[in-house]
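As the structure is a computational prediction, the values presented were derived from the model and not from experiment. Each chain gets a letter, A, B and so on, in the order the sequences are listed, and its residues count up from 1.
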2 protein chains.
Amino acid sequence: MAYHFDCDTEAVPRAAGVHDVQITGRWQALHGAPLGSYALAAGVRALGRQMVHPEPLAVSAHFLRPVEVGPAEVRTEIVRTGRRMATGEAHVWQGGKERLRAVATFTDFAEMNGRTATFEDPPRLPPPGECVDPLAGVTMPGGMTLLDRVEFRMAGRPGWLGGAPGGTPSCDFWMRFRDGREPDALALVFLWDVMAPMVLEIGEAPSTTLEATVHIRGVPAPGWLACRVATSHVTGGLCEEDMDIWDSRGRLVAQSRQLTLLR
Amino acid sequence: MAYHFDCDTEAVPRAAGVHDVQITGRWQALHGAPLGSYALAAGVRALGRQMVHPEPLAVSAHFLRPVEVGPAEVRTEIVRTGRRMATGEAHVWQGGKERLRAVATFTDFAEMNGRTATFEDPPRLPPPGECVDPLAGVTMPGGMTLLDRVEFRMAGRPGWLGGAPGGTPSCDFWMRFRDGREPDALALVFLWDVMAPMVLEIGEAPSTTLEATVHIRGVPAPGWLACRVATSHVTGGLCEEDMDIWDSRGRLVAQSRQLTLLR
């Protein structure tokens with residue numbers, strides 16, 4: 001079975017370091033445009049074809065201009081190839097303009113056998129089946145096709161969704177692809193960005209992501225992902241949004257931090 | 001008066017997008033080599049000369065190979081110039097090998113006038129004059145010239161410094177340049193990396209930084225910087241270290257996150 005995420009991030013090599021990607025309209029968020037992290041995942045996937053190690057480990061991306069539905073070109077560069085790590089760079093272009101630029105280091109998690117020690121607990125959420133679908137019965141603005149791709153479960157519905165922002169810009173939740181595609185390292189390069197911005201809970205409009213870095217910690221087990229997202233500091237219209245993601249076995253599998261600008 | 005940090009990060013343009021930097025032996029840490037963030041600051045400073053906006057806002061760096069004392073070349077590229085933000089890229093080369101690569105977005109903080117709201121308090125430290133110098137009376141390994149450049153104050157001495165790791169990989173502390181140089185945005189691109197790795201508190205050796213991203217939130221006021229550093233998740237030998245930095249007026253001025261590999 002072909003899953004939407006795999007079809008829509010597929011990059012076709014055209015020349016050395018040049019790949020064609022079709023940015024579809026299936027991953028649009030609150031702002032009505034494709035999510036930047038969707039184009040990022042396509043770029044990292046194209047880059048990954050050229051890396052000697054299979055999985056993205058650290059991906060840092062600067063979002064330069066909005067991504068649009070339509071053809072895109074991914075230009076890739078191999079920066080360094082090492083025994084345990086390899087680093088490359090990917091630029092996503094559309095219409096003669098660079099839309100985003102990412103540097104990514106890849107590794108093989110099968111060889112990451114060092115110490116594990118945890119100083120922060122995963123979210124204490126009821127099982128997904130006992131949680132609420134926060135979007136059930138809610139009419140969202142049109143064009144948010146992303147909601148047909150990813151589903152969420154929460155202990156309760158966030159205030160902003162009911163028109164009454166709760167004042168605390170943080171949230172624990174479950175998420176997964178709706179079509180049954182299981183999470184993997186590449187999916188985590190995309191999924192950190194699918195939750196609505198936490199600043200909605202303090203009465204702000206969706207913010208614009210300037211930069212985001214995702215650290216993948218391992219290949220997630222199949223099933224729902226448990227997530228914790230929080231903004232701690234809004235300063236002069238800038239804010240960070242941090243997300244930690246655990247797999248269905250309770251292992252931390254990703255951490256993301258994005259710097260956003262309030263509109 | 002010329003300060004060490006300014007002298008030692010100075011980049012001399014040699015050609016379009018090529019700058020010469022002398023990496024000195026004055027910024028060496030526990031591993032006996034120049035701190036990666038020192039070379040990063042030199043690279044970002046060289047890039048900054050070509051940016052239309054004055055201050056670094058978001059700097060993401062992948063550390064490819066150790067930096068050495070000696071001449072270095074910074075190669076810079078202007079990626080995008082916008083009204084509020086400009087993005088560029090800097091590569092630091094030594095001996096024919098790329099040592100680190102950074103993408104940096106610049107802005108003018110004087111124009112960052114949006115909302116401020118805080119959901120996490122700054123460290124509750126006694127004033128610096130009532131804190132202890134954690135290094136007073138301690139004999140550190142030779143070659144740690146960094147300790148002649150930066151000084152620290154803490155509520156108490158961390159366990160690992162006395163040979164008894166405390167088990168909790170987090171710490172609040174004050175820091176400043178010893179020679180009286182006041183902090184600015186560029187200094188924050190360096191200072192996130194000067195504290196000893198928190199994994200020392202759980203009995204590990206210093207770790208290697210693979211990737212680091214620094215978000216600068218404003219130009220710090222003169223004086224001591226209040227810092228909070230923490231590692232929450234060690235997984236398979238990988239761990240993050242997050243540092244938040246407040247200025248002497250209690251304003252958050254930077255957040256960094258690095259991904260490190262235990263040795």
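When each of A/G114, A/G237, A/G236 is scored by its heavy-atom pairs under 4.5 Å with chain B, the top score falls to A/G236. Contact count versus chain A (heavy atoms, under 4.5 Å) is highest, among B/T105, B/I202, B/N113, for B/I202. No other option in B/E211, B/R115, B/E89, B/E120 has as many heavy-atom pairs under 4.5 Å with chain A as B/R115. Annotation: maximal heavy-atom pairing with chain A below 4.5 Å, among B/P169, B/A104, B/G218, B/A61, occurs at B/P169. Between chain A and the residues B/V103, B/T118, B/T231, the most heavy-atom pairs under 4.5 angstrom are made by B/V103. With chain B as partner, the option from A/G82, A/C239, A/A117 having the largest number of non-hydrogen pairs under 4.5 angstrom is A/A117.
Using modelled atom types, one side-chain atom of A/H53 and one backbone atom of A/R83 make a donor-acceptor pair closer than 3.5 Å. Checking side-chain atoms of A/E240 against main-chain N and O of A/H233 turns up a donor-acceptor pair under 3.5 Å. In this structure, the side chain of B/E201 engages the main chain of B/G166 through a donor-acceptor pair within 3.5 Å. With hydrogens and angles disregarded, a donor-acceptor distance shorter than 3.5 Å links the side chain of A/R99 to the backbone of A/P66.
Proximity to chain B (any heavy atom under 4.5 Å) is restricted, for A/H62, to the side chain, taken from C-beta onward. A/T87 touches chain B through its side chain: at least one heavy atom from C-beta onward sits under 4.5 Å away, while N, CA, C and O do not. If you measure heavy-atom distances from B/T235 to chain A, the contacts under 4.5 Å come from both the backbone and the side chain. At a 4.5 Å heavy-atom cutoff, A/E111 makes no contact with chain B through either its backbone or its side chain. Looking at B/E98, the atoms closer than 4.5 Å to chain A (heavy atoms on both sides) all sit in the side chain, from C-beta outward. Interface remark: B/R217 contributes backbone and side-chain atoms alike to the contact with chain A (heavy atom separation under 4.5 Å). Heavy atoms of A/A230 lying under 4.5 Å from chain B are absent altogether.
With rounding to the nearest 0.5 Å, the separation of CG in A/L40 from CG in A/L186 is 9.0 Å. Atom CG of B/L47 is separated from atom NE2 of B/H19 by 7.5 Å, given to the nearest 0.5 angstrom. With values rounded to the nearest 0.5 angstrom, A/S37 atom OG is found 10.0 Å from A/L100 atom CG. Considering OG of A/S207 and CE of A/M198, their distance stands at 10.0 Å, rounded to 0.5 Å. Summarising the geometry, atom CE belonging to A/M243 is positioned 6.5 Å from atom CE belonging to A/M195; distances are rounded to the nearest 0.5 Å. In this structure, CG on B/L200 lies 6.5 Å from CG on B/L30, to the nearest 0.5 angstrom.
Contacts of residues 247-263 of chain B with chain A at a heavy-atom distance below 4.5 Å involve B/L252, B/Q255, B/S256, B/R257, B/Q258, B/L259, B/L261, B/L262, listed in sequence order.
Evaluation of the salt bridge (charged side-chain N to carboxylate O under 4.0 Å, His left out) test over residues 45-60 of chain A, restricted to residues two or more places apart or in two chains, returns none.
Contact annotation: the side chain of A/L238 approaches that of B/L57 to within less than 4.5 Å [non-hydrogen atoms, C-beta and beyond].
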